[in-house]
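One structure below.
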Amino acid sequence: MKFRLNGIELDLTTTPDLFSPNAPDKGTLAMLTAAQITPADKVLDLGCGCGIAGVYAAKITGAQSVTMTDVLPIAAETAGQNAIKNGVPEITVLCGNAYENVRDADFTLILSNPPYHTDFSVAKSFIEGGYRHLAIGGRMVMVTKRLDWYKNKLTSVFGGVKVTETDGYYVFISEKRPRRSNPEKPKNTLSKKLAKKHRRN
């Protein structure tokens with residue numbers, strides 16, 4: 001599978017067991033374009049499949065700044081092979097369920113094209129775990145064909161989400177912001193004075 005995106009050429013091997021084996025998924029390409037990856041990013045390709053997103057990111061950030069992970073051993077193996085094939089062999093490749101074997105919690109960018117044709121349990125773990133594995137200011141970028149649930153879930157976890165649509169795919173971008181501490185409630189001086197007066201009486 002050969003393709004070019006934003007001037008970057010990739011040549012990927014894949015298998016019929018993995019998602020979109022014949023051509024790059026349009027949703028994934030839309031996600032990568034919207035993500036605006038920079039050389040300073042530290043990237044996690046979550047549910048990497050054959051490694052399209054991770055290998056592409058490594059061409060921009062350098063392989064040492066990219067981790068790819070997938071629950072399927074065949075996916076992790078294929079992604080690792082594609083990293084070598086495309087000249088970025090130093091990518092970290094893991095096999096595990098969601099963040100099971102992901103130790104770092106300072107990613108600046110998490111990319112994911114989750115299995116949205118199943119129930120939402122996988123997506124829920126991806127989003128909730130994503131918040132915990134991002135640095136402050138880091139972004140989670142997801143792509144699906146479903147809008148409402150993802151928009152609501154990302155908003156509830158991150159406090160907000162930006163949504164764009166391309167060819168029927170929705171790309172969601174949420175940023176991890178510092179948690180606000182609860183502001184101290186203003187003291188009701190008048191109520192306290194009245195309470196003291198009542199006690200005296």
Side-chain angles (χ1 to χ4, degrees), residues 1-5 8-33 35 37 41-135 138-145 150 169 171-172:
M1 181 196 306
K2 294 183 180 182
F3 71 98
R4 174 191 287 263
L5 179 64
I8 295 175
E9 291 187 2
L10 296 182
D11 183 4
L12 302 174
T13 299
T14 187
T15 76
D17 301 318
L18 300 179
F19 175 65
S20 191
N22 299 317
D25 173 62
K26 290 182 179 180
T28 298
L29 298 183
M31 175 183 69
L32 293 175
T33 299
I37 303 168
D41 277 318
K42 180 175 180 178
V43 181
L44 174 63
D45 181 2
L46 180 62
C48 64
C50 72
I52 289 178
V55 173
Y56 173 83
K59 292 287 189 176
I60 300 171
T61 66
Q64 294 89 345
S65 297
V66 176
T67 298
M68 301 190 291
T69 186
D70 201 289
V71 69
L72 297 176
I74 184 63
E77 181 181 350
T78 303
Q81 292 172 352
N82 281 324
I84 296 170
K85 184 176 182 180
N86 287 269
V88 283
E90 299 88 359
I91 291 178
T92 299
V93 183
L94 305 172
C95 184
N97 184 20
Y99 302 91
E100 180 182 7
N101 292 314
V102 179
R103 299 288 175 255
D104 292 349
D106 60 345
F107 293 100
T108 63
L109 182 61
I110 296 177
L111 302 168
S112 184
N113 185 347
Y116 48 84
H117 295 298
T118 60
D119 63 42
F120 292 109
S121 60
V122 174
K124 181 176 182 290
S125 69
F126 277 19
I127 293 169
E128 292 175 353
Y131 188 91
R132 295 191 296 270
H133 284 80
L134 282 169
R139 296 165 294 136
M140 183 159 209
V141 183
M142 304 186 83
V143 61
T144 81
K145 282 193 171 182
Y150 285 88
Y169 291 89
V171 178
F172 305 85

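Keep in mind it's a predicted model, so treat the numbers as computed, not measured. Positions are given from 1, in the same order as the sequence printed here.
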At their closest point, which heavy atom of [X] faces which heavy atom of [Y], and how far apart are they?
X      : Y      : result
Cys48  : Ala79  : SG-CB, 3.9 Å
Met140 : Gly130 : SD-CA, 4.1 Å
Ala76  : Val93  : O-CG1, 3.3 Å

Original post:
Is any side-chain N of the basic residue among Arg132 and Glu128 closer than 4.0 Å to the acidic one's carboxylate O?
Top reply: no
Would you confirm whether [X], through its side chain, and [Y], through its main-chain N or O, come within 3.5 Å as a donor-acceptor pair?
X      : Y     : answer
Asn82  : Leu12 : no
Glu77  : Ile74 : no
Arg139 : Ala35 : yes
Asn101 : Cys95 : yes
Asp45  : Gly54 : yes
Asn86  : Val88 : no
Asp25  : Thr28 : yes
Thr14  : Cys50 : no

Answer whether the closest heavy-atom distance between the side chains of [X] and [Y] falls below 4.5 Å.
X      : Y      : value
Leu111 : Leu46  : no
Val141 : Ile110 : no
Ile52  : Met1   : yes
Phe172 : Val143 : no
Leu32  : Leu5   : yes
Lys26  : Tyr169 : yes
Val43  : Phe107 : no

**OP:** Answer yes if the ring centres of Tyr99 and His133 are under 6.0 angstrom apart, and no otherwise.
**Re:** yes
How many angstroms lie between [atom1] in [X] and [atom2] in [Y], if you round to the nearest 0.5 Å?
X      : Y      : atom1 : atom2 : value
Asp11  : Thr13  : CG    : OG1   : 6.5 Å
Thr78  : Met68  : OG1   : CE    : 10.0 Å
Asn113 : Lys145 : CG    : NZ    : 10.5 Å
Arg103 : Thr92  : CZ    : OG1   : 12.5 Å
Met142 : Phe126 : CE    : CZ    : 7.0 Å
Leu10  : Lys85  : CG    : NZ    : 10.5 Å

**OP:** Decide side chain to side chain donor-acceptor pair (under 3.5 Å) for Asp41 and Thr61; before the verdict, give the C-alpha distance in whole Å, the side-chain angles of both, and the deciding distance to 0.1 Å.
**Re:** CA-CA 6 Å; Asp41 277 318; Thr61 66; over 6 Å; no
Subject >> Derivation of the side chain to side chain contact (heavy atoms under 4.5 Å, CB included) call for Leu44 and Leu109 >> reply: CA-CA 6 Å; Leu44 174 63; Leu109 182 61; over 6 Å; no
**OP:** Verify side chain to side chain contact (heavy atoms under 4.5 Å, CB included) between Val66 and Lys42, making sure each step is shown before the conclusion.
**Re:** CA-CA 6 Å; Val66 176; Lys42 180 175 180 178; over 6 Å; no
